[in-house]
Amino acid sequence: MRKMAEFIKRFILLKNQSLMIKLCVFSSFLVIFPVLSVGIFSYKRSSAELENELRQSSRQVIDQVQTHIEYYLQDFEITSLKIINSPELSSLLKSTISDHRQSMIDATRNTLKAAEYSRADISNITILLDNEQVIDTLGARNFYPATKIKEEYWYRLVPLNGMSMLVTRKLTLANNEQPVISLVRRLYNPRTLLPVGMLIIDINFRRIEEISNKVTISKNGYFFILDANGHYIYHPDYTKLGKKVEFKQLVTLKTEGSHTEILDNQRKDFVTFTFSQNLGWRFLTAVPYRDLTGGIIQIEKTISTTIIVSLILAYLIGFGFATSIIRPIRRLQHFMKEVETGHLEGRVRVDSNDEIGQLTAGFNNTVEKLANLLEEVYVSKLREAEMSLKQKEVELKMLQSQMNPHFLYNSLETIRGMALEENQENIAVMSYSLGKLLRYNLNNQSSTVSLREELNFCEMYLKIQKFRFEDRFDYQFDIPEWAMELKAIKFSLQPLVENCFVHGHDAGVRKIKIVISVYRYSESSYVISICDNGKGIEERNLEEIRKRINLLTPAKDGKNIGILNVHQRIHYLFGSEYGVTVRSKFGSGTKVLIHLPILDQHMEGEKP
């Protein structure tokens, strides 16, 4: 235990180090810890808020993209139904193989071309009948035999109930391969209701690319679509179309609502995704997290710069402050060493009248006296000097002590007792009231009290004022019993009642009457009304008071600080919906309303 105490004194409290080092070290802790704490807290808080905003905006964008693409593909559903219900295709599907005339095929092909020409994002429309008859709009430009479509994986998965299905394919043209999204739907003979073929509408990525370019949040981000099994439906890199997504993290994503994930890849992509129940697809945007957090990085740089500059300034100011304290102490220390060697002729320069200056001046006086009496009583005077220094320390500490407030209360009780002995009842009552007010201040540390206590406190103040103004004012309380135990702000009535005397009293007007009343304002609040018939407030001054109350700013001249103080305390304790309202008409008196919540109980009362 002793070793631990010695370690703390030596290495933590710097027992054997100079005062300059102690001041620098301790001031460093006092500056660095608060500044770093504020900086780190501000950075983390602002980073979290900014990241949350990024997540919200990304989710909104991806939800809009999902809705847009769903509506976009629904248009092709309508196009496919128009083709199926066209007279030309209906006639072809009703006919038998022997009835297939070239005129029917040509009419059907013209219907397909008309549907293709109506939309620039349709690359090809194909009708593949079970009898190997193929009708499409590409014709000789299609280098992929339509009959091979039956061999593709999705052909047997097309629903037999007539519903459509979306798949990713590639059209093989003369010079290139074009990736497309194909809407496929089985065709039925209207007479026999038996499947007789397949309708395939190939949709190019022109429109989806336009959407992708608009929703990409940064230049390094991209938009892509995955099917329910994790295959790419769309990706800016067409070589990935139809392939399995390379990140397992994206295969097991949620299938409800919009969400965000940090992808565990080299770029740490910030992925926002949503699942379409109608299409069974996932719509995703991937943006490098570094691109999205540029604002956070800027905040980090700003906070770091501010902390560094603040620390440098704090050190410079602290060093200057420490130097101003240490310099006279070092001069005194140097002179004390000279005195120890017997050089008593010199004196230390006194630059200030603070404790150090007083100590230096006292030491100079002591040395001067010591030099005069050294030959006679050297040892005795040296001890006296030491005792003098200790006595000065005690005196300095005594000057720092404060008067105990209970002394004032006891003094008032003494005055009251003396007044009663002399039959001075007025003085006794005033002393008693002042003592009660002082005890009320000393004993109750809560910010709120019952309305009954606050009214008692206010009435004591009014009784004291009654001695001053005598018959020139009167007061009345109109308080219902249900309101007596409600919570009120401590010291809220006295400053407002005092304004009635300070601002409402006029030597040329009639007798002032102050009425304090309470009424129910709502189910959860009540109002204390302080009304006087004084000279009132001029309109210009009234507007200025209301403006300061709304802005919570005191006047430069200190006027109406009591109203603002009460309003601020109500505002801070109960919220901005409660506070003080001032109504007045010059020449007709003033009414101050205190709006407070009902915290303890629900009581019956009516709003007048």
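Just so you know, residue 1 is the first one in the sequence shown, and it goes up from there. Quantities reported herein were computed from a predicted structural model and do not represent experimental measurements. The basis for the numbers below is simple: all heavy atoms, side chains too, and nothing from hydrogens, waters or symmetry mates.
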Colleague: To check you understand the geometry: which heavy-atom pair defines the closest contact between Phe224 and Tyr222, and what is its length?
Modeller: CD2-CE1, 3.3 Å

Colleague: Would you say the side-chain atoms of Asp269 pair up with the backbone N or O of Val271, donor to acceptor, closer than 3.5 Å?
Modeller: no

Colleague: If you count heavy atoms of other groups shown closer than 6.0 angstrom to CZ of Arg583, is the number above 12?
Modeller: no

Colleague: So, for Cys500 and Ile512, which heavy atoms are closest and what is the spacing to 0.1 Å?
Modeller: O-CD1, 4.3 Å

Colleague: Under 6.0 Å between ring centres: does that hold for Phe275 and Phe273?
Modeller: no

Colleague: With sequence neighbours left out, write down each residue that passes ring pair (Phe, Tyr, Trp, His ring centres under 6.0 Å) with Tyr572, or none if nothing qualifies.
Modeller: none

Colleague: Using every non-hydrogen atom in the two residues, find where Leu564 and Ile549 come nearest and quote the distance to one decimal.
Modeller: CD1-CA, 4.1 Å

Colleague: What distance separates Phe223 CZ from Ile225 CD1, expressed to the nearest 0.5 Å?
Modeller: 4.0 Å

Colleague: Taking all non-hydrogen atoms of both residues into account, name the closest pair between Ile563 and Asn499 and its distance.
Modeller: CG1-ND2, 3.2 Å

Colleague: Examine distances only and state if a side-chain atom of Asn533 and a backbone atom of Lys513 form a donor-acceptor pair shorter than 3.5 Å.
Modeller: yes

Colleague: Are Thr67 and Val65 packed together at the side-chain level, in the sense that at least one heavy-atom pair is separated by less than 4.5 angstrom?
Modeller: no

Colleague: So which atom in Tyr578 and which in Ser524 form the shortest heavy-atom distance, rounded to 0.1 Å?
Modeller: OH-O, 4.1 Å

Colleague: Report yes or no: does Ser584 contribute a side-chain atom to a donor-acceptor pair with the main-chain N or O of Gly589 at less than 3.5 Å?
Modeller: yes

Colleague: Determine whether a donor-acceptor pair (N or O, by modelled atom type, separation under 3.5 Å) exists between the side chain of His567 and the backbone of Val580.
Modeller: yes

Colleague: Just by distance, no angles: are the side chains of Gln74 and Glu70 close enough, under 3.5 Å, to form a donor-acceptor pair?
Modeller: no

Colleague: Does a donor on one side chain and an acceptor on the other come within less than 3.5 Å for Arg569 and Asn565?
Modeller: yes

Colleague: If you measure from CD1 on Ile530 to CG on Leu593, what distance do you get to the nearest 0.5 Å?
Modeller: 9.0 Å

Colleague: Are any side-chain N or O atoms of Glu454 and backbone N or O atoms of Phe491, one a donor and one an acceptor, separated by less than 3.5 Å?
Modeller: yes

Colleague: Could you measure the distance from the CG atom of Asp63 to the OG1 atom of Thr274? Nearest 0.5 Å is fine.
Modeller: 5.0 Å

Colleague: Does this structure show an ion pair linking Arg546 with Glu543, if we count only N-O contacts that are shorter than 4.0 Å?
Modeller: yes

Colleague: So that I know where these two stand, are Tyr521 and His595 an aromatic pair - ring centroids less than 6.0 Å apart?
Modeller: yes

Colleague: Output the distance between atom CZ (Arg452) and atom CD (Glu481), rounded to the nearest 0.5 Å.
Modeller: 5.0 Å

Colleague: At what distance, to the nearest 0.5 angstrom, does OG of Ser450 lie from NZ of Lys487?
Modeller: 6.5 Å

